[in-house]
Q: 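Dumping the structure here so I can ask a few things about it.
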Amino acid sequence: MPTFALVDGNNFYCSCERVFRPDLVGRPLIVLSNNDGCAVARSQEAKDLGVKMGVPFFQIRHLVQEAGLVALSSNYALYADMSARMMAILGQFSPVQEVYSIDECFVDLTGMGTLAGSLTVYGQLMRERVLRWIGIPTCVGIAPSKTLAKMANHIAKKNVGRPWSGVCDLTALPERDRDELLGLVEVGEVWGVGRRLRERLVADGIATALDLKRASPSFVRSTVSVVLERTVHELNGIACYGFEAEAQPQKQIICSRSFGHPVLTQEDLSIAVRDFAATAAERLRRQGLKAGQVHVFIQTSAFRKKDKQYSAAVVVPLAVPVGDTLRLVEAALAGLARLYKPGFKYAKAGVMLLDLTDRTVEQADLFAGPAPRRERLMAALDAVNDRFGRGTLRVGNVEGHQAWHMSQNAKTPSYTTEWEGLPTAR
DNA sequence: TCTGGGGTCCTAGGACCC
DNA sequence: TCTGGGGTCCTAGGACCC
C-alpha cells in the first residue's frame with residue numbers, strides 16, 4: 001500500500017512576506033490579488049478578524065485603520081522563488097515528489113516508517129528543516145491516498161479533534177479513530193468537493209467526510225460523477241491517483257488581466273492583447289512548445305450591473321503551429337478585430353494559446369508555403385529579456401498607452417531574485 | 001470608486017459518418 | 001402517411017483546484 005505525505009506552507013504568501021518583514025509577525029496580514037483586488041492569502045490574525053478568502057479589498061479596507069490590518073500587493077517573483085527552495089528541501093526526504101501547486105507537494109513515504117522511528121517523527125523532521133532553512137511554517141498530512149493525505153493535512157492544520165503539532169498521520173490510527181476524525185470534517189473540505197457539489201451532497205444528507213466515505217460508490221457514480229466515485233474510494237484508503245513526478249506538458253497557456261481602469265477603444269485593447277499574446281508566447285517557448293490556435297476574449301465587468309454588458313471570444317486557427325511572437329500577436333489582434341464592439345467599458349481581456357505541440361514536430365502547410373523562420377530572432381528576444389528583465393524588448397510601441405495597466409500599491413521588493421531587492425543590513 | 005489569474009478534467013450535445 | 005441505429009469526434013460549458 002502506498003503512503004502519501006502532503007506538505008504545504010501555512011498561509012504561504014503571508015509567510016513568504018514575513019520571512020523578510022519580521023515586523024509583520026503577529027499582525028493581521030493579507031496578500032492581495034492582481035490589481036489589489038481581493039484577499040488571496042491571510043495570516044491567522046487576519047482570519048481571526050473575519051477576513052474571508054477572496055473578499056474584495058475595498059470591503060475590508062476599513063480594517064487597516066480599525067485593526068491594524070496590513071495589505072500587501074502580490075509579489076509572485078518572491079513566492080515562486082521561495083516555493084522552489086521549499087520544494088528542493090522537501091525533495092530530499094523521498095526519491096519521489098510531486099509538486100502540486102506553488103505551496104504544496106506530495107511526497108512518497110512508502111516504506112519509510114522505520115527511518116526515523118515513525119512517519120510522524122519523519123513528518124516533524126520535514127517541517128523543522130523547512131522552517132529552519134527558509135523560515136516557512138508547514139503542515140504535513142500522511143495517509144494511504146492523496147485525498148486522505150489532503151484530509152490529514154487539513155486535520156493537522158485546523159487541529160481537528162486534538163492538537164497535532166503540525167503532523168497528522170492517519171496510517172497510524174485504527175479505522176475507528178480515523179472515522180471519528182472524518183466525522184468532524186465538513187464534506188466541503190474534502191478534496192474535489194467544491195461549493196456546488198457540497199450543496200448537493202448536504203441536501204442528500206451527506207454532510208461530513210465520513211458520510212461521503214460511507215456512500216455507495218456506484219450510487220455516487222450514477223448520480224454525480226466518476227470523479228466523485230474515485231473520491232469515495234480514496235476516502236476508504238483505496239488510492240485511485242498515483243504520483244505524477246514528471247511534469248506533464250501543458251495543454252493551454254493563458255495570459256489575461258483585469259484592467260486598472262475601464263478600457264474603451266480598440267486601440268487600447270490592442271495594446272493589452274498584444275502584450276498578453278507576447279507574454280503567453282514567451283511561456284510557450286520556454287516550455288519548448290508551439291501553438292496551433294489562438295483564443296482571444298474581451299469582457300465588460302459583470303460587477304457593474306448598471307453598465308451594458310458584453311463578452312465575447314474567438315478562436316483563430318493557425319495554418320501551422322508556431323512559437324513565434326510576431327505571428328501569435330498578429331493572430332490575436334485579428335481575433336480582437338472580430339470581437340471588438342464600440343460603446344462598452346471593457347474590464348478584462350486575455351489570450352489563450354491552444355492545441356500545443358512539441359516544438360520539434362514539424363508539419364508543413366501544403367498551401368501557404370514555408371513560414372518565415374524566426375527562431376534565432378525569438379531566441380535573441382528571450383535571451384535579452386532573461387538577462388535584462390521582462391519587457392526590455394517588446395513588440396510594438398507599448399509606452400504611453402498604459403490605461404489598462406493594473407495597480408499594485410503595496411508591493412514588497414523581490415528580495416531573492418533581483419539585486420536591487422536584496423535585503424541589506426542597516 | 002474599488003471584485004484575480006492560471007490551470008485540469010468531465011460531460012452533454014451536435015455534426016458527421018456508414 | 002410513413003423517416004434507424006450505432007459509432008466517433010469536437011466543442012462549449014461546468015465544476016473543480018490552488
Side-chain angles (χ1 to χ4, degrees), chain A residues 6 8-13 30-42 51-62 64 71 73-76 79-80 83 98-106 146-147 150 153-154 187-201 221-231 240-241 244 247-262 276 279-280 283-284 287 292-293 295 297 299-307 311-315 317 345 347-356 406-409:
Chain A
L6 188 273
D8 78 342
N10 301 346
N11 317 325
F12 187 68
Y13 297 169
I30 59 173
V31 172
L32 301 170
S33 64
N34 276 344
N35 264 324
D36 293 345
C38 307
V40 292
R42 305 158 295 154
V51 177
K52 300 278 182 244
M53 181 66 178
V55 69
F57 181 45
F58 72 87
Q59 290 176 3
I60 53 168
R61 182 172 279 142
H62 60 96
V64 172
S73 303
S74 39
N75 184 347
Y76 284 104
Y79 313 147
S83 171
E98 176 185 340
V99 175
Y100 179 68
S101 75
I102 194 165
D103 73 332
E104 66 193 300
C105 66
F106 290 101
K146 283 182 166 179
T147 304
K150 293 278 282 188
N153 183 283
H154 173 83
V187 73
E189 301 293 343
V190 175
W191 192 37
V193 178
R195 193 171 51 84
R196 276 295 170 62
L197 223 39
R198 175 176 60 82
E199 282 171 21
R200 203 167 143 187
L201 291 172
R221 179 186 195 132
S222 59
T223 56
V224 185
S225 70
V226 295
V227 183
L228 197 67
E229 182 196 21
R230 286 184 207 131
T231 301
C240 299
Y241 304 100
E244 292 184 26
Q248 298 301 305
Q250 269 178 255
K251 299 179 175 173
Q252 55 183 42
I253 291 174
I254 301 177
C255 182
S256 71
R257 291 282 178 282
S258 297
F259 303 133
H261 306 280
F276 301 159
T279 303
R283 291 188 208 149
L284 184 75
Q287 300 190 50
Q293 297 176 358
H295 173 117
F297 67 90
Q299 51 190 242
T300 52
S301 171
F303 294 108
R304 300 176 62 97
K305 298 226 164 34
K306 276 173 270 173
D307 288 357
S311 108
V314 66
V315 174
K345 292 180 182 168
K348 181 174 180 175
V351 170
M352 220 183 289
L353 303 181
L354 305 170
D355 191 12
L356 307 185
M406 58 183 189
S407 41
Q408 284 203 306
N409 292 319

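Quick note on labels: first sequence line is chain A, next is B, and so on, each numbered from 1.
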Q: Given C:dC18, B:dG4, B:dT1, which nucleotide is nearest the side-chain atoms of A:S258?
A: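 The listed nucleotide nearest to A:S258's side chain is B:dG4.
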Q: Need one value for A:F57: base, sugar-phosphate or nothing, where a base atom within 4.0 Å counts as base even if backbone is also close, heavy atoms only.
A: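 It contacts nothing in the nucleic acid.
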Q: Is A:D36 touching bases, backbone alone, or none of the nucleic acid, heavy atoms closer than 4.0 Å?
A: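 No contact.
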Q: Please verify the inter-ring angle class for A:Y100 with A:F106; under 30° counts as parallel, over 60° as perpendicular, anything in between as tilted.
A: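 The arrangement is perpendicular - the two ring planes meet at more than 60°.
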Q: Out of A:S256, A:S311, A:S258, which residue meets the side chain to side chain contact (heavy atoms under 4.5 Å, CB included) rule with A:Q299?
A: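 The single option meeting the side chain to side chain contact (heavy atoms under 4.5 Å, CB included) with A:Q299 is A:S311.
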Q: Classify A:I102 by what it touches in the nucleic acid, base, sugar-phosphate, or nothing, heavy-atom distance under 4.0 Å.
A: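 Here A:I102 touches no strand at all.
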Q: Which nucleotide in the list B:dC2, B:dG5, B:dG6 gets nearest to the side chain of A:N34?
A: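 The answer is B:dG5.
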Q: Does a side-chain N or O from A:K150 land closer than 4.0 Å to OP1 or OP2 of C:dC17, or not?
A: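 So the side-chain polar atoms of A:K150 never come under 4.0 Å of the phosphate oxygens OP1 or OP2 of C:dC17.
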Q: Heavy atoms only, 4.0 Å cut-off, all strands: where does A:Q250 land among base, sugar-phosphate and nothing?
A: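 Sugar-phosphate: the residue A:Q250, judged by heavy atoms under 4.0 Å, touches backbone atoms but no base.
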Q: Using nucleotides 12-15 of chain B, report all nitrogen or oxygen pairs with the protein that are shorter than 3.5 Å.
A:
none

Q: Taking only Watson-Crick and G-U wobble pairs with both distances under 3.5 Å, what dot-bracket line describes DNA chain B, where [ ] shows pairs that cross earlier ones and | shows pairs with another strand?
A: ....||||||||||||||
Q: A:R230 near the nucleic acid: base, sugar-phosphate alone, or nothing, with a heavy-atom cut-off under 4.0 Å?
A: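 Sugar-phosphate, backbone atoms only, no base.
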Q: In the structure I gave you, are the side-chain heavy atoms of A:L228 and A:L201 within less than 4.5 Å of one another anywhere?
A: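 They are in side-chain contact.
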Q: Closest to the A:Y100 side chain: C:dC17, B:dG5, B:dG4?
A: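 Selected nucleotide (nearest to the side chain): C:dC17.
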Q: Would you indicate which nucleotide in C:dC18, B:dG6, B:dC2 comes nearest to any side-chain atom of A:D103?
A: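 The listed nucleotide nearest to A:D103's side chain is C:dC18.
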